[in-house]
**Student:** 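Right, I'll just put the structure down here and ask away after.
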Amino acid sequence: MNINIKSKNLDLTDSVYTYIDRKIGELDKFINVEAGEIKGGRDAIETFVEVARESYHHKKGDVFRAEVQIVVPGAHTIR
């Protein structure tokens, strides 16, 4: 599974990369590659992750957002 990470208003540190890789890697168990339904196998699956700090106008705390889109060859897109 190829994971593409994009950020907005947020510095991507090694710990953020590791966290995203671990969490997205866990989703891999829900995609049945062994059944032979996916041409190209596990490497053909594209994952796009966008993390962002939404705004700076809140008085306390940070507001973050994350979106994930998994594109599986064969007409499946999971968002």
**Student:** In chain order, what residues pass the side-chain hydrogen bond (donor to acceptor under 3.5 Å, both in side chains) check against Glu50, with sequence neighbours excluded?
**Tutor:**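 Expected list: Arg65.
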
**Student:** Does a side-chain heavy-atom distance below 4.5 Å link Asn4 with Val49?
**Tutor:**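 No - every pair of side-chain heavy atoms lies 4.5 Å or more apart.
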
**Student:** Do Asn2 and Thr47 make a side-chain contact, defined as non-hydrogen atoms from C-beta onward lying under 4.5 Å apart?
**Tutor:**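 They are not in side-chain contact.
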
**Student:** Could you state the interatomic distance from CD1 (Ile5) to CG (Leu12), rounded to the nearest 0.5 Å?
**Tutor:**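 The CG atom of Leu12 is 6.5 Å from CD1 of Ile5, to the nearest 0.5 Å.
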
**Student:** Please examine the side chains of Phe64 and Val51, heavy atoms only from C-beta on, and report whether any two atoms are closer than 4.5 Å.
**Tutor:**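 Val51 vs Phe64: side chains apart.
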
**Student:** In terms of heavy-atom contacts, does OH of Tyr19 have more than 12 from other residues, nucleotides or ligands at under 6.0 Å?
**Tutor:**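 It does not: Tyr19 OH has 12 such atoms or fewer within range.
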
**Student:** Considering non-hydrogen atoms only, spot the tightest contact between Arg53 and Asn9 and give its length.
**Tutor:**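 Shortest heavy-atom contact: CB-O, 3.3 Å.
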
**Student:** I'd like to check the side chain to side chain contact (heavy atoms under 4.5 Å, CB included) partners of Ile78; sequence neighbours left out, ordered by chain and number.
**Tutor:**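 By the side chain to side chain contact (heavy atoms under 4.5 Å, CB included) rule, Ile78 matches Ile70.
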
**Student:** Can you list the residues that meet the side-chain hydrogen bond (donor to acceptor under 3.5 Å, both in side chains) rule with Ser15, with sequence neighbours excluded?
**Tutor:**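 For Ser15, the residues satisfying side-chain hydrogen bond (donor to acceptor under 3.5 Å, both in side chains) (neighbours in sequence not counted) are Thr13.
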
**Student:** Who passes side-chain hydrogen bond (donor to acceptor under 3.5 Å, both in side chains) against Arg22, sequence neighbours left out?
**Tutor:**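 Testing Arg22 for side-chain hydrogen bond (donor to acceptor under 3.5 Å, both in side chains), a comparison that skips the adjacent residues, returns none.
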
**Student:** May I ask you to list the residues sharing a hydrophobic cluster with Phe48, side-chain cutoff 4.5 Å, ordered by chain and number?
**Tutor:**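 Other cluster members: Val71.
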
**Student:** Compare every heavy atom of Leu10 with every heavy atom of Ala52, then report the nearest pair and how far apart it is.
**Tutor:**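 Looks like N-CD2, 4.5 Å.
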
**Student:** Only counting residues at least two apart or in another chain, list the ones meeting side-chain hydrogen bond (donor to acceptor under 3.5 Å, both in side chains) with Asp14.
**Tutor:**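 Once residues adjacent in sequence are excluded, Asp14 has no partner under the side-chain hydrogen bond (donor to acceptor under 3.5 Å, both in side chains) criterion.
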
